[in-house]
Amino acid sequence: MKSEPAFSHSAGRSPESARTGRTSRKRPLVVLAGQQNGGKSTLFNTLTGASQHIANYPGVTVDKKSGSYRHHQIRIDVVDLPGTYSLTSFSLEERVARDFIFTSHPDVVVNVVDAAGLKRSLLLTLQLLEAGFPMIMALNMIDVAHRRGLSIDVNRLEDRLGIRVIPTIGRKRQGKNALKKAIWQTTTGELEHQQFQMVYEKAEPLLARVEQELSRHPEITTGYPVRWMAVRLMEEDDQIEKRICELSKNGHLLLSELMSAKTAFETDQSLNISDYLASCREKTAARITRECVTKTRADRPTLTEKIDRVVLNRLLAPLFLLATVYLIYDLSIVRGYQLTQYTWPLLATLRNMVAGLLPDAGLLLDPYLRALSLWIIDSTLTLLNYIPIFFILFGLIAILEDSGYMARIAFIMDKLFYNYGLHGQSTLPFILGGVFAGGCAVPGVMAARAIPDERARMATILTVPFMNCMAKIPLYTLIVNIYFANYKSWAMLFISTITIIVALFAAKLLTTTVIRQMTTTPFVMALPAYHLPTVGAVLTRALERVWLYVKKVGTIVVVVAVIIFVLLQWPGINKQQMAGYQQQMQQATDTFCKMIETADPHLGRFTDSQLLDLLNDYDDYKRALFASGGGKGKRDVDRKFQSRNELFFSILKPEKDETARKISRALKKLHSKRKRLRREIKEARIVNSFLGMTGKILEPVSRFAGFDWKINVALLSSFAARESSVATLGVLFREGADANLTLEQRMDNEGRSTGFSSLNALALLLFFALYPPCLATAIMVKVQTQSYKWMLFSIIFPTVLGLIAAGLVYSIGSYLNATGIQMMGIFYGVALTTTILFGFIKTGNKLKKEKIE
Amino acid sequence: MQISFFKQRKPMKNARKQSHMRPSHHRKFCRLNDLKPGCCGRIRHHHSSGAIRRRLLDLGLVPETTVVVVCAAPLNDPLLLKLENDQIALRRREAALIEVETLFDDSVS
Ligand SMILES: Nc1nc2c(ncn2[C@@H]2O[C@H](COP(=O)(O)OP(=O)(O)OP(=O)(O)O)[C@@H](O)[C@H]2O)c(=O)[nH]1
Ligand SMILES: [Mg+2]
């Protein structure tokens with residue numbers, strides 16, 4: 001067994017400066033660096049067993065992620081970095097990667113390289129070598145290279161670069177052990193190499209001069225190799241420029257001196273130095289590639305190119321795209337919904353089990369523990385009910401990402417999105433948010449991170465919540481079924497497309513006003529080669545995203561459910577009112593007891609608690625029967641209740657005996673009286689609650705959009721979680737609930753008497769579609785934008801927009817005396833035309849670091 | 001003013017060196033944006049600056065390399081370029097900032 005080795009850079013490789021900045025560290029540190037989509041995260045997962053997000057889409061990893069593994073009894077830390085095309089500081093991911101490398105001073109840099117695109121990858125490799133850290137190359141995707149008829153001479157590549165080169169196939173975990181061994185040998189200093197250093201021919205004299213000047217200022221160069229810094233400086237790297245100005249007393253002087261040397265050199269040689277440096281690297285990369293890669297067969301179109309000829313064909317591309325989106329919609333939303341019919345009973349059983357463990361219900365008022373727990377469980381279960389849909393949806397999206405088609409969607413859609421200030425890469429956030437119907441804004445907002453363009457990213461984050469998330473669907477269905485029953489498909493089409501139209505409109509509105517000043521970056525994207533998605537990867541990804549959703553439900557929704565519960569309960573009804581209800585209940589119980597006494601004197605008088613038990617048993621029994629599924633299940637339930645309490649059971653399920661039946665009938669009557677009273681109390685409480693009062697206060701304003709206080713309460717509570725809107729409406733529109741009418745019928749009946757027309761319904765529908773993001777999404781907006789200001793904005797902006805839209809539709813509709821469906825058509829036409837016209841307006845672009853040459 | 005990196009003569013010399021290309025008698029320059037799908041051009045220099053220029057260079061769109069315009073997206077905007085083994089999507093706006101020398105189309109049948 002080896003004793004613990006000292007981890008140090010092997011002699012002769014690392015420049016002095018790199019070593020001086022190194023912090024003392026017990027465990028060796030390995031970083032994975034490389035270009036986008038090279039398979040860094042795949043290798044990271046292979047090494048550490050983590051499950052970092054992987055996709056066949058450039059720029060998936062946007063932040064560093066660390067993990068570790070054990071080798072020879074030593075724990076080795078591994079950090080997965082975002083993919084970068086170079087080590088400059090122009091984009092966020094480049095800054096993240098570069099800053100990490102230079103502040104942490106890794107013991108090994110594993111350069112993950114796409115073997116099928118070796119030349120391009122080498123451009124970064126050459127820059128990494130300049131950074132001077134001990135390096136290993138993981139020649140990944142060697143399988144793809146072989147498929148394309150490329151044979152790579154690994155030994156020669158090692159020789160040219162002066163570093164170990166390990167061929168790997170990340171997806172099949174091949175090369176894992178060789179890579180671990182090479183990492184180990186590098187950390188212990190067993191491997192000695194003379195790492196290759198770039199020579200920039202003509203520019204060498206200039207670089208030498210810059211290096212010389214810089215090395216006179218150790219305060220600037222600590223932690224960075226001087227050579228690397230000189231090259232970056234000549235490439236107009238403003239972070240280095242800033243560093244010089246900030247860290248050195250007369251930094252400005254030094255900088256202007258170096259810059260004039262640079263300009264003098266450029267005029268003298270009549271070349272652009274930063275282009276020249278890039279092209280030197282390009283030539284070196286090309287030379288190395290030429291020397292190490294041989295084509296085993298003549299050039300012929302790759303499979304990816306062949307597929308793209310069809311998939312990106314001008315006429316076929318839109319068809320493929322539409323078919324894809326339709327397939328996603330059909331498989332996840334339609335089929336997924338059918339699946340929920342099987343999963344719901346399971347959740348219902350769970351609810352009943354928990355309900356059984358809680359303190360029993362009171363006669364009129366339940367113990368708070370019971371009421372609150374059930375409230376939380378119900379809120380959670382409605383959300384969990386969507387799991388099958390999400391699982392399918394996320395699985396399909398994983399397939400899209402893994403195959404490489406997602407990048408093509410971005411390519412196809414870029415023009416359209418660009419006209420509205422968005423970006424080709426806004427596609428994924430929108431799809432996750434629910435383009436047509438069914439999605440969730442939380443993963444949508446999260447996915448917006450990958451958009452490199454700052455302004456488009458912000459516009460995407462702020463408009464994703466307009467999409468139709470799962471939680472909006474129940475209310476849509478409810479309203480469409482009541483008020484637009486004859487035009488169901490039209491109404492659904494309206495809902496699913498109007499949100500996109502409005503989102504584009506809003507994005508344009510924002511990019512021309514509020515966020516106009518933000519910087520934009522162009523759409524430049526390397527389209528990845530198509531890969532066949534693997535079942536394992538797709539399943540894990542789907543599970544991960546579902547888990548994320550469950551976690552959201554488990555935390556935020558529970559907290560919010562509690563808050564809403566409180567807001568709906570307090571201050572509640574006063575003592576007198578309560579006393580009135582209690583008196584009514586007392587009368588009912590008295591009648592029942594008297595009736596029993598006359599019918600069957602042997603039974604004696606029930607005590608209050610016995611009576612309560614009986615009533616609760618009645619509830620339980622009915623519920624159990626409902627869940628039993630008939631037949632044998634029913635008999636099991638009977639047996640259970642019989643053994644629990646023989647006497648009660650004889651009342652719950654009377655035999656032929658006439659008196660028992662009479663008693664049973666009386667119990668039923670008492671039971672429904674109790675149910676009615678309880679509901680009345682509940683409603684009275686909501687009316688007198690904080691939320692109810694707020695709803696009433698808002699009525700004068702909301703009347704412009706045709707909302708009464710009940711709708712206001714529902715909308716307010718839906719901010720917590722959209723699902724609650726339907727639940728709250730269910731409580732508020734309670735008339736007829738006893739007659740077993742559905743909520744649809746109840747709302748319809750009540751609507752007729754209060755004049756809630758299809759026009760009101762349309763206004764409500766519109767407002768709900770544009771309504772601010774739910775709390776979970778708002779929090780995600782905060783996380784992504786790092787600012788409470790934007791979070792607040794993301795709540796206020798849609799509210800105002802929604803109120804204006806709903807108000808206009810309602811007022812104009814009332815003025816014209818139009819029906820809901822007529823107004824729906826008018827609004828659609830107007831919105832569509834405005835948005836299309838809006839798309840033609842040009843937005844000024846403030847490109848990042850525009851310099852006049 | 002844009003400083004041209006390569007002197008005018010150079011591309012010419014190179015063109016002759018690469019024997020598989022048919023010799024061009026009159027050299028034509030245009031912007032990458034103006035190339036028809038299926039056409040091919042050699043990059044002369046970039047008129048862009050800052051981040052875009054950097055990114056283009058990083059992706060290998062370095063002066064002297066040959067690019068093929070594979071196709072345009074359905075809405076005519078981003079262009080799909082082929083560069084060695086890579087496919088790169090680029091908006092016309094940015095393509096208009098790249099000056100190329102048109103070459104006879106010899107890589108696309
Ligand atoms: N055929 C093949 N595919 C691979 C290999 N390694 C990774 N992939 C796939 O390549 C794609 C990109 O992998 P990632 O690990 O996400 O790449 P990354 O370097 O982390 O990308 P960014 O985070 O975007 O910089 C995924 O679809 C992987 O499944 C390999 O060796 N062979
Ligand atoms: Mg990654």
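First the proteins, then the strands, lettered A, B, ... as listed; each starts at 1.
The contact between A/A116 and chain B is made entirely by backbone atoms, counting heavy-atom distances below 4.5 Å. Heavy atoms of B/I43 lying under 4.5 Å from chain A are absent altogether. Heavy atoms closer than 4.5 Å to chain A are found in the side chain of B/L56, but not in its backbone. The parts of A/L527 that come within reach of chain B are both its backbone and its side chain, each placing non-hydrogen atoms under 4.5 angstrom from that chain. Heavy-atom distances place both the backbone and the side chain of A/L416 under 4.5 Å from chain B. Neither the backbone nor the side chain of A/D114 has a heavy atom closer than 4.5 Å to any heavy atom of chain B.
Remark: B/L75 CG to A/M413 CE distance equals 8.0 Å, nearest 0.5 Å. Separating the CD atom in A/Q36 from the CG atom in B/L59 is a distance of 8.5 Å, to the nearest 0.5 Å. Taking CG from B/D58 and CG from A/L87, the interatomic distance works out to 9.5 Å, rounded to the nearest 0.5 Å. Rounding to the nearest 0.5 Å places CZ of A/F411 at 9.0 Å from CD of B/Q87. Atom CD1 of residue B/I88 and atom CZ of residue A/R120 lie 6.5 Å apart, to the nearest 0.5 angstrom. Taking CG of B/L80 as the reference point, atom CZ of A/R309 lies at 11.5 Å (rounded to 0.5 Å).
Under a 4.0 Å N-O distance rule, the pair B/R54/A/E235 qualifies as a salt bridge. Salt bridge status for A/K283 with B/E64: absent, with no side-chain N to carboxylate O gap under 4.0 Å.
The two atoms that bring A/I412 and B/P74 nearest to each other are CG2-CG, 3.9 Å, heavy atoms only.
Screening B/R93, B/R91, B/E94 against A/F523 for a side chain to side chain contact (heavy atoms under 4.5 Å, CB included) leaves a single residue, B/R91.
At least one side-chain heavy atom of B/L57 sits less than 4.5 Å from a side-chain heavy atom of A/D275.
Highest contact tally toward chain A, considering only B/A72, B/A89, B/A73, B/C71, is held by B/A89 [criterion: heavy-atom pairs under 4.5 Å].
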